[in-house]
Number of protein chains: 2
Amino acid sequence: MATVSVREVAARAGVSVGTVSNVLNRPAKVSPATVERVQAAISDLGFVRNDAARQLRAGRSRSIGLVVLDVANPFFTDVARGAEDRAAEEGLTLLLGNSDENIDRESAYLDLFEEQRVHGVLISPLGEVGDRLVRLRARGTPTVLVDRQTADHSFSSVAVDDVAGGHLAAKHLVSIGRTRIAFVGGPQGIRQVADRLEGARQAVREHPNVSLEVISTESLSVLQGRFVGEQLRARNPADRPDAVFAANDLLAIGVLQALSMLGDVRVPEDVALIGYDDIAFAAAAIVPLSSIRQPSALIGHTAVDLLLREAAGGDDFVHEQIEFQPELIVRDSTGG
Amino acid sequence: MATVSVREVAARAGVSVGTVSNVLNRPAKVSPATVERVQAAISDLGFVRNDAARQLRAGRSRSIGLVVLDVANPFFTDVARGAEDRAAEEGLTLLLGNSDENIDRESAYLDLFEEQRVHGVLISPLGEVGDRLVRLRARGTPTVLVDRQTADHSFSSVAVDDVAGGHLAAKHLVSIGRTRIAFVGGPQGIRQVADRLEGARQAVREHPNVSLEVISTESLSVLQGRFVGEQLRARNPADRPDAVFAANDLLAIGVLQALSMLGDVRVPEDVALIGYDDIAFAAAAIVPLSSIRQPSALIGHTAVDLLLREAAGGDDFVHEQIEFQPELIVRDSTGG
DNA sequence: CACGTTCTCTGAAACGATTCATCCCTCACT
DNA sequence: AGTGAGGGATGAATCGTTTCAGAGAACGTG
């Protein structure tokens, strides 16, 4: 019951603590007979390495931190999976933090990760990349932005071109003949939202007869989507947009629930609908949902990769920006 | 750039390291003037506490570990959220591990958590509760089973009565006049699957004219469900079941995609379909999905609660089994 | 004025694994 | 026999924080 340390193991096996440590970390340097004796002592005593002591000595932990905007969004769990797989290849553990689009929670996770002396941090940051991240990196924690990049290339990042994605979505809606488009998303402080909207604006600008209405939401959840859907449904049909571009699939599914399940507004006949992320559930929605696909697992995978390079590269590492292109997936919700 | 420790902070503020520690942990014990001086030194130097050293001294970390079967399953992310919220109230962090229904990964996470000296472990274990968990607890890490309980009451647990849930689902299918029911799920080693099937068996046994076919899957994913759906679709309609009870909603959604999106088998007319967990996407499925609801966030919340009690209680704590009752949610996929 | 209290602050001793300079043996070779 | 090389093992020092017994100073009280 009392805690077992290397010291007890050493005593039991009749060797020094240094040898026990060698058995644990460099068994090749120890004679087979000794290895066996030490291992017997370890299992007899039920010895379990103390990671805190290990880390203290090593200076850095063997894990990397990932802060996402919303764990309930399958897009981010996919990213996390990709990252976890890549991290596992390197013997690293992934610590997952959920900021829930809340700046205080984001900050709390960063503090935590920094105190833990993680190998590095992957983050899908809220709002602008602030002091907080600059300081974090300056103090020695490599940092890579996920699903987001900075204009000034001061951080490494793995992202998808959200402006292009927004453009793709809006252009598609226009191409099927819609002229009164509504963009649903928010808060605007989230860069992904702002970029997707910007892309949509660009696409609309190319067609003088097409209008774009912006409906802001408090967050990117199914619930918020349903709320917006209710409002649209309550409108006079003439005032209703004939197409909705939702900033992500969760919102789109919420809108869809409100419009379609309650029956009177038809998708896509009355209102075409497109989401963003192409989560697994989009294809199975009540009306299969058109969406903009991002290579989510690949993003996570690549981000860890880049983080490792950044960590190895030292101070003079040239920050790298990797950008993937989004892909339009057409399903029934936009005609098909 | 060089790592800043309490020692440097102390020197800069002209106090001893003990005082710095007091400022950090018990500021009330230190005179306001000193507190201010130390805090100035901390921010000047950019000092960040080393958590490893803290933990080493403390003996235990301030986090608890949660091992789930599948992070891609919204049910488990909901459980995680509930757990995280409750943990945060106590100033504890939640470490989320994903066993992916793989015994080696489960084991790796348990090792990791034990080396980290976590406050306790919540786990939705694969297969039988083995030696591994017994040893873990014996060595001093409180453990609570999630979504699962042991027959012999040797562990504390928070669960939902899966037999009752299975019974509820099958009885419902019978009540809408279905007589050839297929249970889709697997592997059977997962207790939740076995219990839900057992409940279904019991319900079917009460009706001599109703048959139950078991279709095993390798995992509980959308993909596996789609695979089963394809098979059902390929069958001669006469050989097809007239109702499917899927062991969870992911499977059900997969089955639904295969049957319904490809058009020729109608849900619920030809085949009624019910899932399990009532995840948020069930209501928005192409045919809104009937399901068995579990109070997911509450499960997580309660599990942390129980873990804390178990940790405080010491060796003589009487393990407690908490069981919630599932609830039938009827939607279009079973007639409605 | 002496004495007990209260308030601040001190600094050395843990916590447990890892590292590294060092020592002890063997063994091979001249 | 003497020398050098090299495999094996040693154990003190180290990482950074917290704790705790106790030292001083300041204050009030009889």
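Throughout, a chain's letter reflects where its sequence line sits, starting with A, and its residues are numbered from 1.
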Handout entry: From CA spacing to verdict: salt bridge (charged side-chain N to carboxylate O under 4.0 Å, His left out), B:Glu89, B:Arg86
Key = CA-CA 5 Å; B:Glu89 287 173 15; B:Arg86 182 72 186 83; 3.1 Å; yes
What is the separation between atom [atom1] on [X] and atom [atom2] on [N], rounded to the nearest whole Å?
X        : N      : atom1 : atom2 : result
B:Lys29  : C:dC7  : NZ    : P     : 8 Å
A:Asn50  : C:dC15 : CG    : C1'   : 8 Å
B:Gln55  : D:dT17 : CD    : C1'   : 12 Å
A:Leu56  : C:dA14 : CG    : P     : 17 Å
B:Gln116 : C:dG16 : CD    : P     : 16 Å
A:Glu8   : C:dC15 : CD    : P     : 10 Å
A:Arg7   : C:dA17 : CZ    : P     : 8 Å

Side chain of [X]: nearest nucleotide among [options]?
X       : options                : result
A:Thr34 : C:dC15, C:dT10, D:dA9  : D:dA9
A:Ser5  : C:dT19, C:dA17, D:dG16 : C:dA17
A:Val6  : D:dT18, C:dA17, D:dT17 : C:dA17
B:Arg57 : C:dT18, D:dT17, C:dT8  : D:dT17
A:Phe47 : C:dG16, D:dT17, C:dA17 : C:dA17

Practice task
Check whether the side chains of A:Glu310 and A:Ser156 place a donor and an acceptor atom closer than 3.5 Å, and report yes or no.
Solution key: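 The answer is yes; a qualifying pair exists.
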Pick base, sugar-phosphate or nothing for [X], based on heavy-atom distances below 4.0 Å to the nucleic acid.
X       : result
A:Arg49 : sugar-phosphate
B:Ser21 : base
B:Thr19 : base
B:Val20 : nothing
B:Asp51 : nothing
B:Arg60 : nothing

Problem - Pairwise 5' ranking along DNA chain C for A:Leu24 and B:Asn22, keeping only the more 5' one - result: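 Between the two, 5'-proximity favours B:Asn22.
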Exercise for the section: Starting from the 5' end of DNA chain C, give me the residue, B:Ala28 or A:Arg54, whose nearest nucleotide shows up first. Expected result: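 Residue closer to the 5' terminus by nearest nucleotide: B:Ala28.
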Practice task
Could you check if a side-chain atom of B:Thr77 sits within less than 4.5 angstrom of a side-chain atom of B:Leu96, using non-hydrogen atoms only?
Solution key: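 Of all side-chain heavy-atom pairs linking B:Leu96 with B:Thr77, none is under 4.5 Å.
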Handout entry: A:Val17 vs A:Pro32, nearer the 5' end of DNA chain D by closest nucleotide
Key =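 Going by which nucleotide is closer to the 5' end, it is A:Pro32.
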Problem - Phosphate OP1/OP2 of D:dC15 contacted by B:Thr3 side-chain N/O (<4.0 Å) - result: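 Indeed not, no polar side-chain atom of B:Thr3 lies that close.
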Exercise for the section: Would you indicate, yes or no, if C:dT19 has its OP1 or OP2 atom less than 4.0 angstrom from a side-chain nitrogen or oxygen of A:Arg26? Expected result: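 Looking at the OP1 and OP2 atoms of C:dT19, one of them is under 4.0 Å from a side-chain N or O of A:Arg26.
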Problem - Between CZ on residue B:Arg54 and CD on residue A:Glu115, distance to nearest 0.5 Å - result: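 Answer rounded to 0.5 Å: 6.5 Å.
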Problem - Electrostatic pair B:Arg49-A:Asp111, nearest N-O below 4.0 angstrom - result: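 Result for this pair is no, no salt bridge flagged.
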Exercise for the section: Specify whether A:Phe113 and A:Tyr109 have parallel, tilted or perpendicular ring planes, treating 30° as the upper limit for parallel and 60° as the lower limit for perpendicular. Expected result: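 Rings of A:Phe113 and A:Tyr109: tilted, as their planes differ by 30° to 60°.
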